[in-house]
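For reference, the structure is listed below as structure tokens.
Index from 1, following the sequence. Atom set for the values below is all heavy atoms of this structure, side chains included, hydrogens, waters and symmetry mates excluded. In each ligand, atom 1 is the first atom listed, and ligand 1 is the first ligand listed. Everything quoted here is computed from the prediction, not taken from an experiment.
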Amino acid sequence: MPDFQSILRTIYNSATSQIEKGRVATYIPELAKIDINNFGICLKIVGGESFGVGSFNTPFSIQSISKVLALAKAIELVGESIWKRIDVEPSGHPFNQLALLEVENGIPRNPFINSGAIVIADILLSNLKDPKTDFLNFVRDLCGVDDINYNTSVALSEKHTGFKNYAAANLLKSFNNLENDVEDVLDFYFHQCSLEMTCSQLSNTFYFLANDGYCLKNKLRLTRSQVKRINALMLTCGFYDEAGEFAFEVGLPGKSGVGGGIVALLPNNFILTTWAPGLNKKGNSLLGMTALEQFTTNTKLSIF
Ligand code: DON
């Protein structure tokens, strides 16, 4: 087996030189306070050890990475019927773009752009007894720890400034693609995005997507076919208008968040999570993309 600890250390040392090139997200005021110098990487081998460097045990705002977990929960609850309300095509546009939603009559292109994730939040609200608590317990159970929490300051910060998400939710409502009240759906969505986790916890949480649906506790969470579909969506839609670039440079299914996190995985092999809050122009972690590219190029471990 390759010396993964030393591979991660080499990548960490070489990528760090670019730390000042990224920009921390400021459109959610609470996120603007994060120190750009954080950088962590955690690799979890399926059926094997974990390796970490830098701030891989520091919790951060997982933001859009949570959309994968919300999608998994929605599929667990209501199965394939969700695809009547959301498409599975890449958008080629930024995560908060609204034009396509109007043109396509309120059917979001995919579950990872904001409008799609808001429909998923609506499905969870309709099908969970106590949505925020039940979703938190779902994530804690996948991860195998009890101390994962929402950051209410981040959720409130986004509530006060999330005008585009209000616009998306109202547009969805006008097309009858939202069952619940706009306020309730967005309250859930903002909390979901505010979840705080470490690179190490994220690698453990995403284990089931690299392990044919079996989570770390060896419990079957989704079928192999459902996992295949989520991974396909991460590959084609996980980076919005940079999904092609991520496939081209890294070659793995992955999901980014504006908190600076990225989770990527190679089915039946590993889950690799990075956190570096400096973002590139498309809103994805600059160091994270660099580190992942170096990892798959150096180790030749990618789906291609
Ligand atoms: O809705 C938003 O704008 C944020 N809560 C999440 C955006 C995000 O993380 C996009 N991903 N890179």
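- If you check which protein heavy atom lies closest to atom 5 (N) of ligand 1, you get Gln63 OE1, 2.6 Å.
- Leu279 contributes atom CG, which lies 9.5 Å from atom OG1 of Thr26 (distance to the nearest 0.5 angstrom).
- For the ring pair (Phe, Tyr, Trp, His ring centres under 6.0 Å) test with Trp275, the passing option among Phe56, Tyr12, Phe60 is Phe60; the others fail.
- Linking ILVMFWY side-chain heavy atoms closer than 4.5 Å, directly or via other members, places Ile120 and Ile65 in a single hydrophobic cluster.
- At a 4.0 Å heavy-atom cut-off, ligand 1 touches Asn165 through the side chain alone.
- Defined by atom type and a distance below 3.5 Å, a donor-acceptor pair is missing between the side-chain atoms of Ser91 and Asn110.
- At least one heavy atom of Asn114 sits less than 4.0 Å from an atom of ligand 1.
- For atom 2 (C) of ligand 1, the nearest non-hydrogen atom of the protein is Glu158 OE2, 3.0 Å.
- With a 4.0 Å cut-off on non-hydrogen atoms, Ser64 touches ligand 1 through its backbone as well as its side chain.
- The atoms of ligand 1 that sit less than 4.0 Å from any heavy atom of Cys193 are 5 (N).
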Q: Step by step, work out the side-chain hydrogen bond (donor to acceptor under 3.5 Å, both in side chains) result for Gln97 and Asp241.
A: CA-CA 10 Å; Gln97 203 245 26; Asp241 47 339; over 6 Å; no

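- Residue contacts with ligand 1, taken as heavy atom pairs separated by less than 4.0 Å, do not involve Lys164 at all.
- The protein non-hydrogen atom at the shortest distance from atom 3 (O) of ligand 1 is Tyr27 OH, 2.5 Å.
- Put simply, CG on Asn149 and NE2 on His191 are 11.0 Å apart, with the number rounded to the nearest 0.5 Å.
- Residue Phe239 is tested with Phe95, Phe112, Phe246 for a ring pair (Phe, Tyr, Trp, His ring centres under 6.0 Å); the sole match is Phe246.
- Ligand-side atoms of ligand 1 in range of Val258: 7 (C), 8 (C), 9 (O), 10 (C), 11 (N), 12 (N), range being under 4.0 angstrom from any heavy atom.
- With atom 1 (O) of ligand 1 as the reference point, the heavy atom nearest to it among Tyr189, Phe190, Tyr240, Phe95 is part of Tyr189.
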